[in-house]
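All residue numbers in this chain count up from 1 along the given sequence. Only a predicted model underlies this, so the values are computations on that prediction, with no experimental measurement involved.
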Amino acid sequence: MAQLPGAAVDFARFLAGLTARLDRRSGWLAVFLERDPDGMRACLAGSELPPWDVVDALLQDLAADQGAAAARTEAATARTLHAAATAAHDAGPGAAAALAGRLDGMLREQRYAAERLQELTAHRATATTQEAAAALDVDLAWAEDDHRRATARCAELRARSDALATPAAAVPAPAPAAPERPAKQAKPRKRPRGGARFAGIAGEAAEPPQPPAPVAPAPAAAVRGARFAGVTDPAEEPAPSRPGPEDAHAAGGAVAHLHALRAQGRGGEAHVLLAELAGWPAPRLPLLAAELHRAGLEADWATLLWEVAALPPAGLVAAADALAAAGRGADARQLLRQGVARPAPEIADALHLLTGDGRDRQARALAGAYLAVRSPEDAAGVARSDPDRLVPLLLDAARGVSEERHWDLVHAFRVAGVLA
């Protein structure tokens, strides 16, 4: 390590210290070590730099194992050291060509992930048995994560390439760490996923693999009308507001702009636009979906759903409502799966916030979506922060998923000691 730039050494030492605090048998760290052990060793030695999403995932492991406060303490240091190490790596000879090669490979990964996501979504919509639907839900969750990671890595590589092309440009800062924003992926099971590329080191030439399933997936609940997870009767709540002509005009204009950016190869600006569109009023979301599919931008629709999934819980619920009311039930289910793939402390905080603000319908919806795709043991972790408030809420939501899920949850709560 003595021959490496000082910034690379500093980040490698930080990464080694972070991983030493984690359980190597579970979480994302176990996935990375199993699927790309050579790449992880190179990252820990400082000779390679992991993509920021890998660092982000390890911070999520830390949050799950030791609490969000511990992860927040490390997040700012991680961002600073990663940015400095990035600059050091990119200052070496041949860096521009290496980045271009990696970007080409990651763009292929992104296209494959988008195609697989579209294929699996179509299969899920026509599943005829609960077992088939549950298996497809697992595959969809991994395919969604593949696409999210590929998209993030493409943006990171483009930003690095742009910084090299413009010497005066500042080194791009990594995206916020998971403890400081809603996480977009769940802490994984012990089963491996992805390919040799997963740690972001040696994957440009690898064939995209079929993602294996995590352990014991839970079947997703069906969307009922304009609601989901069976948590409310549609008659009890007003329907989402209908979009007007101005909404249709805005959606058409935004997608036309996005199409032009893609045609000009301005991917970074396109991603910024998608992030802005995620914050639009919920009734516009189905219009954007229709316009994106009409323009042949299905991959951008998948990216937009990921951005919407990071909204605060009330916005997430409103977006799923709007999609379901417009007949896009598969998209609503996918959005909810993505939106509840957050560490248990974040779900608990969100439920506290919603119930504290008197938004009980949104709280039940979020709890129902969580229970439809996460294990009863995960739900026990959510309830542990405030059993008096959250146990009744989660049990009520579980009944909306299925009677079997309700009794599974009762058992998990008793084992965890949050229910007598």
Which residues pass the ring pair (Phe, Tyr, Trp, His ring centres under 6.0 Å) test with Tyr370, sequence neighbours left out?
none
Any donor and acceptor pair, going by atom type alone, linking the side chain of Asp61 with main-chain N or O of Trp28 inside 3.5 Å?
yes
Could you list the residues that satisfy salt bridge (Lys or Arg N to Asp or Glu O under 4.0 Å) with Arg111, not counting sequence neighbours?
none
Could you give the side-chain donor-acceptor pairs of residues 284-295 under 3.5 Å, partners two or more places apart or in another chain?
residue	atom	partner	partner atom	Å
Arg284	NE	Asp247	OD1	2.6
Arg284	NH2	Asp247	OD1	3.3
Glu291	OE1	Arg294	NH1	3.1
Glu291	OE2	Arg294	NH1	3.0
His293	NE2	Arg328	NH2	3.4

Grab the two heavy atoms, one from Ala332 and one from Ala320, that are nearest each other, plus how far apart they are.
CB-O, 3.7 Å
Side chain to side chain contact (heavy atoms under 4.5 Å, CB included) filter on Ala113, not counting sequence neighbours, yields Asp146, His147
With side chain to side chain donor-acceptor pair (under 3.5 Å) as the rule and sequence neighbours excluded, what pairs involving residues 256-268 come up?
Arg262-Asp300, Gln264-Arg266, Arg266-Glu269
Testing Thr80, Leu81, Thr73 one by one against Thr77 for a side chain to side chain contact (heavy atoms under 4.5 Å, CB included), which residue passes?
Leu81
Those residues that, when tested against His89, pass side chain to side chain donor-acceptor pair (under 3.5 Å) (two or more places apart)
none
Can you list the residues that meet the side chain to side chain donor-acceptor pair (under 3.5 Å) rule with Thr355, with sequence neighbours excluded?
Arg389
Measuring only between side-chain heavy atoms, which start at C-beta, is Leu354 closer than 4.5 Å to Asp360?
no
How would you list, by chain and number, every residue that makes a side chain to side chain contact (heavy atoms under 4.5 Å, CB included) with Glu276, sequence neighbours excluded?
Val272, Leu273
Rounded to the nearest 0.5 Å, the CE atom of Met106 sits from the OG1 atom of Thr151 at a distance of 10.0 Å
The side chain to side chain donor-acceptor pair (under 3.5 Å) partners of Glu246 (sequence neighbours excluded) come to none
Sorted by chain and number, sequence neighbours left out, salt bridge (Lys or Arg N to Asp or Glu O under 4.0 Å) with Asp23 holds for Arg25
Hey, does the side chain of His82 reach the backbone of Leu49 with a donor-acceptor pair shorter than 3.5 angstrom?
no
Partners meeting salt bridge (Lys or Arg N to Asp or Glu O under 4.0 Å) with Arg21 (sequence neighbours left out)
Glu74
Measure the spacing between CZ of Arg41 and CG of Leu33 and express it to the nearest 0.5 Å.
9.0 Å
Using the side chain to side chain donor-acceptor pair (under 3.5 Å) criterion, which residues pair with Asp90? Sequence neighbours excluded.
Arg160
